[in-house]
Trainee: 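One structure, pasted below without further comment.
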Amino acid sequence: MKQSAIIRIVVWSLVALVLIGVLIMGLNGSLSFGLPIISIGQGYTYPNSERYTAGPGSVPSAGVQKILVNWIAGGVEITACEGDTIEFSETAPQSLDDNQQLHFWLDGDTLRIQYTAPYKGLTLFHNVPSKTLQLQVPQSIAQSLQTLEVTTVSSTLDVDGVGATYTKLETVSGRMTLAGMACDNLDVNSVSGTVQGEGLTVGSLNSENVSGNLRISGQFTRIEHNSVSGQTDIISSACPERLSIEAVSGTISITVPENDGFTAQYDSVSGDFRCDFPTTSEKKKATYKNGGASFDFDTVSGNISIHKQS
């Protein structure tokens, strides 16, 4: 496997072990009241915190080009809505004081949402409430944002009908569900969680999964995916021009319709290669028709399958 991919896999694996360990250590028998934030030295901080406002709210959608969200413990739900304002609120199993409420800042053309007020100090853990963010984006801008970035820890992430030219979604220990998104570039990073998606229209998909499955469908032009310990299942309504997948301990299934041709090159340790299309084959290479599209597979302990969409 490529050296850069191996480095990424090792790094993500270490991140998963550290964060999962932190979560386990922080549980104190009051899980319904929250999960811990690491608070060593600087604690949980973010720049320009004095500019943020506590609590739910709304901002005019006109002029907003970027939405950035950081969330810990609970869930994030992002949906398209009617109207001309971006609205955001949260639900929690208990009342929240100002410091525990979400904090937001309309920074020019950028809406920034933080989980809580900053916490500073030398304590190792600080309990924060488990809560769910509801973020509603008007349909008029839901598919035309420049940037959508969401980072979560121990939270589910659901995005329906909202996308951006550049969309970056990151989760640690939480399920991710995507639907009806249109993105020129979609980056998906997940540790210890399943990623599911349908109805996606993506120019370039770049995804990394550690200890979790990826199951997505839609139309993709280019795909790059790296996986450790998880199944990969991608269905594309158009044959991608470029596809590159590297996986350790997980099967790969790709489904594409009839097309003008592709060249599939594969390198597998302890795994088989199967293809529904009538290809001409040589060692670790299969060509269909003109061989125009490029498919690269590199796996350890996992089968590779290319299916023909009926």
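Because the structure is predicted, anything quoted here is derived from the model rather than measured.
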Trainee: Is the backbone of E77 close enough, under 3.5 Å, to the side chain of D158 for a donor and an acceptor to pair up by distance?
Mentor: no
Trainee: Without placing hydrogens or testing angles, list every side-chain donor-acceptor pair under 3.5 Å for residues 195-203, not counting sequence neighbours.
Mentor:
none

Trainee: Without swapping roles, check the side chain of D276 against the backbone of K308 for a donor-acceptor pair under 3.5 Å.
Mentor: yes
Trainee: Which distance, rounded to the nearest 0.5 Å, do you find between the OG1 of T280 and the NZ of K289?
Mentor: 13.0 Å
Trainee: Once you measure the plane-to-plane angle for F262 and Y288, does it fall in the parallel (<30°), tilted (30-60°) or perpendicular (>60°) bin?
Mentor: tilted
Trainee: Rounded to the nearest 0.5 Å, how far apart are CG of L111 and CZ of F104?
Mentor: 8.0 Å
Trainee: Any side-chain heavy atom of T194 sitting closer than 4.5 Å to one from M176?
Mentor: no
Trainee: Return yes if some donor-acceptor pair links the side-chain N/O of S155 with the main-chain N/O of T152 below 3.5 Å, else return no.
Mentor: no
Trainee: Is the shortest heavy-atom distance from the side chain of P240 to the side chain of R242 under 4.5 Å?
Mentor: no
Trainee: Under 3.5 Å, is there a donor on one side chain and an acceptor on the other for N213 and Q231?
Mentor: no
Trainee: For a quick test of reading the model, state the closest non-hydrogen atom pair linking T79 to V162 and the distance between them.
Mentor: C-CG2, 3.6 Å
Trainee: Just so I know, are the side chains of V137 and I67 near enough to count as touching, which here means a heavy-atom distance under 4.5 Å?
Mentor: yes
Trainee: Do you know which two heavy atoms are closest between S237 and Q309, and how far apart they sit?
Mentor: CA-OE1, 3.9 Å
Trainee: Please report the interatomic distance CG(L135) to SG(C81), rounded to the nearest 0.5 Å.
Mentor: 8.5 Å
Trainee: Could you go through S249 and S301, starting from their C-alpha distance and side-chain angles, then the distance that decides it, and tell me whether this counts as side-chain hydrogen bond (donor to acceptor under 3.5 Å, both in side chains)?
Mentor: CA-CA 5 Å; S249 185; S301 185; 4.9 Å; no
Trainee: I would like to know whether N206 and N185 meet side-chain contact (heavy atoms from CB on, under 4.5 Å); could you show each step before the answer?
Mentor: CA-CA 8 Å; N206 190 318; N185 297 279; over 6 Å; no
Trainee: If hydrophobic clusters are built by linking Ile, Leu, Val, Met, Phe, Trp and Tyr wherever their side-chain heavy atoms come under 4.5 Å apart, do L106 and I78 end up in the same one?
Mentor: yes
Trainee: Could you tell me whether the side chain of T263 reaches within less than 4.5 Å of the side chain of S294, counting heavy atoms only?
Mentor: no
Trainee: Are the side chain of T279 and the backbone of A286 linked by a donor-acceptor contact shorter than 3.5 Å?
Mentor: no
Trainee: Rounded to the nearest 0.5 Å, how far apart are CZ of R222 and CG of L243?
Mentor: 12.0 Å
Trainee: Please examine the side chains of V188 and E208, heavy atoms only from C-beta on, and report whether any two atoms are closer than 4.5 Å.
Mentor: no
Trainee: Check whether any side-chain heavy atom of T151 lies under 4.5 Å from a side-chain heavy atom of W71, and answer yes or no.
Mentor: no
Trainee: With sequence neighbours left out, write down each residue that passes salt bridge (Lys or Arg N to Asp or Glu O under 4.0 Å) with E149, or none if nothing qualifies.
Mentor: none
Trainee: State which residues pass salt bridge (Lys or Arg N to Asp or Glu O under 4.0 Å) with D260; sequence neighbours excluded, sorted by chain then number.
Mentor: none
Trainee: Do you know the tightest heavy-atom contact between C239 and P257?
Mentor: N-CD, 4.1 Å
Trainee: According to ring pair (Phe, Tyr, Trp, His ring centres under 6.0 Å), who are the partners of F297, at least two apart in sequence or on a separate chain?
Mentor: none
Trainee: In Å and rounded to the nearest 0.5 Å, what is the CD1 to OG1 distance from I216 to T232?
Mentor: 9.0 Å
Trainee: Ignoring hydrogens and angles, write down the donor-acceptor pairs under 3.5 Å from the side chains of residues 50-66, residues two or more places apart or on other chains.
Mentor:
from: S61; atom 1: OG; to: D84; atom 2: O; distance (Å): 3.0

Trainee: Would you say L169 and L186 make side-chain contact, with heavy atoms under 4.5 Å?
Mentor: yes
Trainee: Kindly give the heavy-atom pair with the smallest separation between H307 and S253, and that separation in Å.
Mentor: CD2-OG, 3.1 Å
Trainee: In Å, rounded to the nearest 0.5 Å, how long is the span from CG of D298 to CG of D267?
Mentor: 5.0 Å
Trainee: Decide side-chain contact (heavy atoms from CB on, under 4.5 Å) for L68 and T147; before the verdict, give the C-alpha distance in whole Å, the side-chain angles of both, and the deciding distance to 0.1 Å.
Mentor: CA-CA 8 Å; L68 311 179; T147 303; 4.2 Å; yes
Trainee: Applying side-chain contact (heavy atoms from CB on, under 4.5 Å), run through T299 and V248 and close with a yes or a no.
Mentor: CA-CA 6 Å; T299 70; V248 176; over 6 Å; no
Trainee: Out of N226, I254, L214, which one pairs with I245 under the side-chain contact (heavy atoms from CB on, under 4.5 Å) rule?
Mentor: I254
Trainee: At their closest point, which heavy atom of Q100 faces which heavy atom of T116, and how far apart are they?
Mentor: O-CG2, 3.5 Å
Trainee: Could you give me the CA-CA distance, side-chain angles and deciding distance for F277 and V256, then say whether side-chain contact (heavy atoms from CB on, under 4.5 Å) is met?
Mentor: CA-CA 10 Å; F277 294 86; V256 296; 3.8 Å; yes
Trainee: Any salt bridge (Lys or Arg N to Asp or Glu O under 4.0 Å) involving residues 86-111? Give me the pairs, sequence neighbours left out, ordered by first then second residue.
Mentor: E90-K131, D107-R112
Trainee: Taking the side chain as C-beta and beyond, is there a heavy-atom pair between H225 and N209 under 4.5 Å?
Mentor: yes
Trainee: Any chance the side chains of D296 and Y266 put a donor and an acceptor closer than 3.5 Å?
Mentor: no
Trainee: Taking all non-hydrogen atoms of both residues, which atom of G193 and which atom of S190 are closest, and how far apart?
Mentor: O-OG, 3.1 Å
